[in-house]
Amino acid sequence: MPKINVYLPDELAEGVKAAGVPVSAICQRALEQSVRRVTAIRATVLGDLETEDTTAQLSQFTERTRSVLKLAIEQARASGAADVGTEHLLHGMLTEGTNLALHVLRAMEIDPAHVARALATASATPEAAEAAPATRFSGPAANALELAVTEALALGHNYVGCEHLLLGLVSEPDGTAGHVLRESGVDLRTARRTVVAALTGYTHLRAQTSAKAPADAAAMITAAVRQELRPVLDRLDRLEERAGD
């Protein structure tokens, strides 16, 4: 049986030894789950989009993320695109309007409306374009979706949300969406940290704001994410400095 080395920080390695954690069994189970998720997303992004519900097999994707994918496919077909591109994925995310990725952008002081305008300019198509059903994800879009799964796994999450899709779009080097996001001021390192900060208190905040008006709730969540972000960034900076010593 082939062996795969797993490297841990010294403090964690000592804790694992002290607790007697079955590292091999845990790693095997985690890798099995990861392989299933990556295989599922590859089957979807490389397959045919003409099925009734393309997102049905993406059980690890949240309902909002699946809605974003459906909106992206609809937008691609309405615009006459042959493929569903990263620009359509970003359009779907912005159009959905309630996902955590938008709060992440606002917490980074980037207005989603500005991103939408920049995206419209970057992905403008000639008026004469004929409608044609998009039947596949483009190469960059497929890469972005797979990167979203990878980001979720790296953060230890058992689901893929719009915040992970945002990270996937930013990190994909060739797509229109990544270009628009980076030009709008989104960089992967800060975006990843902001996602961590957002998820730190999002569940509690959502419960607190459930009885409030949607606009007020959105403003409170964004403000709270910004408040959470500073100490998380400080902790990550300290960890990086320690790792560099």
Side-chain angles (χ1 to χ4, degrees), residues 34-35 37-47 49 54-55 58 60-61 65-66 68-69 71-73 75-76 79 81-96 99-125 134-157 159-199 233 236 240:
S34 300
V35 168
R37 292 177 196 171
V38 173
T39 301
I41 186 63
R42 282 182 180 169
T44 298
V45 301
L46 297 178
L49 297 180
T54 304
T55 66
L58 300 178
Q60 297 298 324
F61 279 52
T65 311
R66 291 197 296 270
V68 166
L69 294 184
L71 288 168
I73 294 170
Q75 171 63 15
S79 65
D83 298 316
V84 180
T86 60
E87 65 273 24
H88 303 120
L89 292 174
L90 181 55
H91 178 274
M93 180 186 296
L94 295 168
T95 301
E96 193 279 333
N99 56 79
L100 185 57
L102 303 183
H103 293 300
V104 169
L105 289 175
R106 295 188 187 101
M108 297 172 67
E109 299 185 348
I110 296 170
D111 186 357
H114 168 76
V115 176
R117 289 191 295 270
L119 178 64
T121 300
S123 57
T125 55
T135 58
R136 299 177 70 87
F137 285 102
S138 69
N143 290 338
L145 287 167
E146 189 167 331
L147 287 166
V149 175
T150 302
E151 289 288 345
L153 292 171
L155 291 171
H157 300 155
Y159 65 93
V160 180
C162 291
E163 61 275 18
H164 306 117
L165 179 56
L166 174 65
L167 297 178
L169 291 172
V170 174
S171 58
E172 206 292 315
D174 300 321
T176 299
H179 175 75
V180 168
L181 288 167
R182 291 187 292 272
E183 287 294 312
S184 298
V186 183
D187 70 274
L188 181 59
R189 184 185 183 195
T190 303
R192 190 179 285 132
R193 289 176 163 192
T194 308
V195 166
V196 171
L199 292 171
L233 291 179
L236 289 172
E240 287 182 355

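Any value given below was found using the heavy atoms of this structure, including those in side chains, with hydrogens, waters and symmetry copies removed.
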Approximate separation, where rounding is to 0.5 Å, of Thr121 OG1 and Arg117 CZ: 9.5 Å
Test side chain to side chain contact (heavy atoms under 4.5 Å, CB included) applied to Phe61 and Val149, Val68, Leu165, the passing residue: Val149
Leu94: partners by side-chain contact (heavy atoms from CB on, under 4.5 Å), with sequence neighbours left out: Leu90, Leu102, Pro112, Val115, Ala116, Leu119
Interatomic spacing from CG in Leu100 to CG in Leu105 - rounded to 0.5 Å: 10.0 Å
Closest non-hydrogen atom pair between Ala118 and Val180, with its separation: CB-CG1, 3.8 Å
Least distance between heavy atoms, Val160 atom then Thr65 atom: O-OG1, 3.1 Å
Nearest-0.5 Å distance, NE2 of residue His179 to CD of residue Glu172: 13.0 Å
Which atom of Val84 lies closest to which atom of Ala141, heavy atoms considered: O-CB, 3.3 Å
Sidechain-backbone polar pair: Thr86 side chain, Pro140 backbone, donor-acceptor under 3.5 Å: no
Qualifying residues under side chain to side chain donor-acceptor pair (under 3.5 Å), relative to Asp187, sequence neighbours excluded: Thr190
Main-chain N/O of Gly85 paired with His88 side-chain donor or acceptor, under 3.5 Å: yes
Closest contact, heavy atoms only, Leu89 versus Phe137: CD2-CE2, 4.2 Å
Test side chain to side chain donor-acceptor pair (under 3.5 Å) applied to Gln75 - qualifying residues, sequence neighbours left out: none
Closest heavy-atom pair and its distance - Leu169, Ala144: CD2-CB, 3.8 Å
Any residue meeting salt bridge (Lys or Arg N to Asp or Glu O under 4.0 Å) with Glu87, in chain and number order, not counting sequence neighbours: none
By side chain to side chain donor-acceptor pair (under 3.5 Å) - contacts of Glu151 (at least two apart): Arg192
Qualifying residues under ring-ring contact (aromatic ring centres under 6.0 Å, His included), relative to His164, sequence neighbours excluded: His157, Tyr159
Atom of Ser171, atom of Leu188 and distance for their closest heavy-atom approach: CB-CD2, 3.7 Å
